[in-house]
Amino acid sequence: MPHPLLANLTAAQREAVTHVDGPLLIIAGPGSGKTRVVTHRVAYLLQEGVPASQVLAMTFTNKAADEMKARLETLAPGKRVWASTFHKFCARLLRMNARMLGLDENYTIYDTDDSLRVIRRLLKEHGEDSGYTSPEQVARQISNAKNRMEGPHHYRPRYGDATAAVVQRLYPKYQEALLAANAADFDDLLLHVANMLHKNEDLRAQLDARYRYILVDEYQDTNLAQYLIVRALSNDYPNLAVTGDPDQSIYGWRGANLKNILEFEKDYPDVKVVRLEQNYRSTQRICRVADALIANNFRRKKKTLFTENAAGAPPRLVRYCDQRDEADTIAGEIAAQIHAGRRRPRDFAVFYRINALSRTMENGLRMMGVPYQVVSGVEFWKRKEIKDTLAYVQLVNNDKDDNALLRVINTPPRGIGAKTVERIAAHARRERKTLLAACREAGMIQGLSNRAAVSVAKFVSLFDKLREHAAGPVKPLLRRIVEASGLRAALTKDESPEGQDRLANVEELITSAGEFDAQHPEDGGLEAFLEETALVNDVDDWEEETDKVTLMTLHAAKGLEFPCVYIIAIEQGIFPVQRSQDRDEDIEEERRLLFVGITRAEEELTLCHARLRDFRGSRRVAVASPFLLELPREEMERIGMGETPGDGYAIDYEADFTEPPPGPPGQSPTRQRDRDGNPTRRRGTAAFPLTVKTAAELLSEKGGPSADPPELTTFTVGGRVKHPEYGVGEVLALTGIGPKRLARVRFDGGVEKKFILSHSALRPV
DNA sequence: TGTGAGTTGATTTTT
DNA sequence: TCAACTCACA
């Protein structure tokens, strides 16, 4: 009898779903139905008699966790499987065992902003704010160290620079400060739990036995701490199923280690490996473009995307004059499609490498009257007014939280200035007390004016009053905070639109507290509320249901899909981003990021770049990203290329591209008209001479970017090449970009050599 | 102590 | 460009 859960599954999918015991590695290409497979597998496990309480599913984002829960609810109604993010899982575990690490159960979770504030303060306190390094740098390095599981006293500087020296001195102080404030930063959540499991075998064994079936999503994004946690929980019961795609690893910058997935088979020799390579999402052409791009990466598991979907329209590669042209044209196209009834707003997504690029696009869409939503990582929860309000809650929940106290003690202004705070802090240090305890003794602190002491005393009594409501539901507490602290009064006073926005945001926070209360009827949900607010982000708030065009970064786009995708500003210095142009690993990660973006598209894909871009306040000549050269020309439709041949400054990337047919450029009139029905290309061309001058000026000032040799375009991995000295061979790998582009070649004699393309006599055959 | 103008400096991605 | 931070002044 065919199993209902297995209906409509391919052989490979079925293999993964029905695997019960032992390690399992699912290499799942984009659009391969991975989520479906994973959820079906959990349902299958449950049907096979595995108790739901023994199953633990770990994800990276709340969205992924929620989706998994929702799908499971339909597949296996009523079964409660623990699906959560790594950070949430660790936060809970830490909550239960906080004492082990010298924390209290009510510890506060510091987000990056909070920890940065602590670091700033410490740098000042210890006279390390010399300007040789920045707080951000120090924060980064501490975070990286934690991701590598290096504790404060095991920090191994990776660079011999000033920052590393400062970090070495400051990291222990930072950790002490966190401990004293009864706080843990994001990285600590993982680090502490990994350590805890390492040091406490009883606890490890107990949890290992409890979570017998563990699933990890996006395994390619795990860092060392996460890796150790997963391993520790899958020792006695190695029923560990990980899914991932090395080609979609885009979080190396925050410690994700590609080795974790590449070497999974070494960690668990008797692993079962299932490859899901068939793509159900995108057209053939989109798949081929994605495939060709990612083939340029060297550090990967070879895998071919294929699909049985229709060939589809050729992905478009479009060059615009400047970013306004880009934004207006795209907005115009989208508007036209919607008006023609061919598409709905929600069918479209626009991706970009960095948030700052969204603005022009927003303007374009707004002018066209196209509804859109921007998914941005810093919209709501990092706003000052929200963080201020939450800092009160944090302090109420954890009176050791010095950082929160510093944030709220004079917000809104209540006559406790910097000098006063400094004196209180000095007193606290002397007496080894928390800032709040020091505040209680304000009257006894010498050097503190009477007036200041009174203000501080008032603040303390405000706090005490607020704390009376700590045990109840969250919403009334928030209301009280906003009223009694004077936050509302201060915000109401500000009649500017921004001020009104802030007030509205605080109201929204209160509303969401109400929702939280409704979901958590039991008392004492304060910790849980703070935990939730600390571990969410705006991407989680993205509304799939609303009928709007989605604007988001490529990172946020992972896991999503849209019928029509635009990726804008694919230009040197932006994508790949400037500082990753040196290291091959970084470039490969950027390439994967583009791969992720491309593979979000179901039917239509448009890759965009402009010749001029206003960025960081100034206008620059923009050069097409080298990635664009790696795309298969024969699969693509190129628009806006080469209409001004020999204009002297534009990088001749199109030298190898077949020239578009003569006549006015803009090959698909229906798509290339703006709201007035004029071909946008013409408007753009008319505007262009004006900007050329600027560009030329800029160039003469800065010397201009150097053109890459045209032969860059003609090397492909697997392609045949010829060298005057070594003869004929095959390209094994291409790495690097621009003048540093490197080819690894195996000659037919068996000899392997590396060549810097810009300097070698190597030629394609 | 609080405010506002002026300056600076930094700009990736996120739990 | 824009936000955060500094510094001078009320």
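Below, chain A is the first sequence line, B the second, and so on; all start at residue 1.
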Problem set entry | Between C:dC2 (C1') and A:Ile354 (CD1): distance, integer Å | 14 Å

Exercise. Just checking A:Tyr251: base, sugar-phosphate only, or nothing, at a heavy-atom cut-off of under 4.0 Å?
Worked result: sugar-phosphate

Exercise. Hey, does A:Phe60 reach any base, or is it just sugar-phosphate, or nothing, if we go heavy atoms under 4.0 Å?
Worked result: sugar-phosphate

For this session: Please tell me which of the listed nucleotides, B:dT12, B:dT11, B:dT14, lies nearest to the side chain of A:Glu136?
Result: B:dT11

Exercise. Does the pair A:Arg300/A:Asp247 count as a salt bridge with the N-to-O cut at 4.0 Å?
Worked result: yes

Exercise. A:Leu93 CG to B:dT15 P: how many Å, rounded?
Worked result: 21 Å

Exercise. Rounded to whole angstroms, how far apart are CZ on A:Phe615 and C1' on B:dG9?
Worked result: 15 Å

Exercise. At under 4.0 Å, does any side-chain N or O of A:Asn410 touch on OP1 or OP2 of B:dG2?
Worked result: yes

Exercise. Closer to the 5' end of DNA chain B via nearest nucleotide, is it A:His87 or A:Arg414?
Worked result: A:Arg414

For this session: Take the angle between the ring planes of A:Phe86 and A:Phe60 and call it parallel below 30°, perpendicular above 60°, tilted in between.
Result: tilted

Problem set entry | Any side-chain heavy-atom pair of A:Phe459 and A:Asn410 under 4.5 Å | no

Problem set entry | Nearest listed nucleotide, side chain of A:Thr420, among B:dT12, B:dT15, B:dT1 | B:dT1

Problem set entry | Between B:dT15 (P) and A:Ile109 (CD1): distance, integer Å | 13 Å

For this session: Could you label the plane-to-plane angle of the A:Phe562 and A:Phe351 rings as parallel, tilted or perpendicular, counting under 30° as parallel and over 60° as perpendicular?
Result: perpendicular

Exercise. Is the ring centre of A:Trp253 under 5.5 Å from the base ring centre of B:dT13, and are the two planes under 30° apart, so that they stack?
Worked result: yes

For this session: Measure the distance from CG on A:Asn363 to P on C:dT1 and round it to the nearest whole Å.
Result: 13 Å

For this session: Identify whether any heavy atom of A:Lys419 sits under 4.0 Å from a base atom; if not, whether one sits that close to sugar-phosphate; answer base, sugar-phosphate or nothing.
Result: sugar-phosphate

Problem set entry | Nucleotide B:dT15, atom P - distance to CD of A:Glu218 in whole Å | 12 Å

For this session: Starting from C1' on C:dC5, measure out to CZ on A:Arg121 and report it in whole angstrom.
Result: 18 Å

For this session: Please determine if a side-chain N or O atom of A:Ser143 lies less than 4.0 Å away from the OP1 or OP2 oxygen of B:dT15.
Result: no

Exercise. Of the candidate nucleotides B:dT14, B:dT3, B:dT15, which contains the atom at the shortest distance from the side chain of A:Pro413?
Worked result: B:dT3

Exercise. Are any of A:Arg120's side-chain N or O atoms less than 4.0 Å away from OP1 or OP2 of C:dA4?
Worked result: no

Exercise. How about A:Leu215 and A:Val38: do any of their side-chain heavy atoms sit closer than 4.5 Å?
Worked result: yes

Problem set entry | Integer-rounded Å distance: C:dA3 C1' and A:Asp113 CG | 13 Å

Problem set entry | Distance below 4.0 Å between A:Arg359 side-chain N/O and C:dC2 OP1 or OP2 | yes

